[in-house]
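Note that ligands are numbered from 1 as they come in the structure, with each ligand's atoms numbered from 1 the same way.
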Amino acid sequence: MVVNVGVIGTGMIGTYHIERLSTQLAGARVAAVFDVAAERARQVADSVGATAHADAHDVINDDGVDAVVVASPGDTHAEYALACIKAGKPLLSEKPLATTVEDCLAVLEAEAGHGRRLVQVGFMRRYDAGYGRVKAAVDDGSIGEPLVVHCVHRNPVVPDHFTSDMLQTDSVIHEIDTTRWLLGDEIVAATVLTPRSTPLAAAHLRDPQLTVMETAAGAIVEVEMFVNAQYGYDVRCEIVGSEGTVELETPSAVSLTSGGRRSRSVPVDWKQRFGAAFHAEFEQWIAAAATGHVTGPSAWDGYAATAVAVACVDALESGRRVPVSLVDQPAMYA
Ligand code: ISE
């Protein structure tokens, strides 16, 4: 079966997904697209033989569309997730599921009303082979009880529209999700420290930021988030446990020894670092969408991540430790 996919948003991440769906994945084709930039949407649609619609809801309600990828700006995600659930179509929503806790809860309620999962949130790091090995080591007890998680997340540069809050809502949100998933534990409080900013960041930006999160089981997670690190794209994660530690390796990094020096390469950007993870994520989602049984990171995961990210923004702005409390988990996500 070929899954006919509608894509909402033909910006950078949307076109990245469209290219993969059109040229690299068996079992899927892009049938329809929408973007507020209509001319760009038309060009992208023409290049893959899809229809460009004038409204995102026309993509969702197109009878020729079986499943939807939402890659528009974050504050539109909840509206489109609700429309997909109403239409009974599986969707892969880029993170965040929604920008507010209230909107996330509305999506949870709608999905519960539908009675089975339709929503997958694009936390692609869960499909990275290295993170998978870290999780296996935690799950099989190799490191004992997880006590501390050290994370580094560095981007070489960010676009001008990037704000201080986005270090949390757009970037640290990956560590929020991977921590919950790796430890099988919820985050219950967050504090954000701000060292002096790099002179290479835009004047309005607090960069870097150090986020310290506490989990329900008592582990501490610290994330150094730095979006103007210049030298490359660098994501690290080490979990210190009661009986050992496990550390994420950067896949296919090259170690070069020459002229009395040894050096290792660093990925240039998130596409290079996580391209294989995006591929695995889409392969799995297409197979799931074909059966109508969605299995990846859920609307609950999207809700929990947004709840923590919102607390992190509050912690950043107030300088205080901000507790996080979640509603009871509906049975369908257990
Ligand atoms: C961006 O939106 C991503 O999702 C990247 O994976 C992350 O590294 C970056 O910091 C975000 O801005």
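Contacts classified as salt bridge (Lys or Arg N to Asp or Glu O under 4.0 Å) and involving residues 298-308 (residues at least two apart or in different chains) are given here: R126-D301, R180-D301.
We find the CG-CG distance between L193 and L210 to be 5.5 Å, quoted to the nearest 0.5 Å. Note that CZ of R236 is 4.0 Å distant from CG of D234, once rounded to the nearest 0.5 Å.
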Are there any N/O pairs under 3.5 Å between ligand 1 and the protein, and if so, what are their distances?
unit_1, atom_1, unit_2, atom_2, d
ligand 1, 2 (O), K95, NZ, 2.9
ligand 1, 2 (O), D170, OD2, 2.8
ligand 1, 4 (O), K95, NZ, 3.1
ligand 1, 4 (O), H174, NE2, 2.8
ligand 1, 6 (O), H174, NE2, 3.3
ligand 1, 6 (O), Y233, OH, 3.4
ligand 1, 8 (O), H153, NE2, 2.6
ligand 1, 8 (O), N155, ND2, 3.3
ligand 1, 8 (O), Y233, OH, 2.7
ligand 1, 10 (O), H153, NE2, 3.4
ligand 1, 10 (O), N155, OD1, 2.7
ligand 1, 10 (O), N155, ND2, 3.4
ligand 1, 10 (O), S171, OG, 2.7
ligand 1, 12 (O), D170, OD2, 2.7
ligand 1, 12 (O), S171, OG, 3.4

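Between V235 and W270, every side-chain heavy-atom pair lies at or beyond the 4.5 Å cut-off.
Side chain to side chain, Q284 and Y127 meet the donor-acceptor criterion of an N or O pair below 3.5 Å.
Taking the charged nitrogens against the carboxylate oxygens, R133 and E249 have no contact shorter than 4.0 Å, which rules out a salt bridge.
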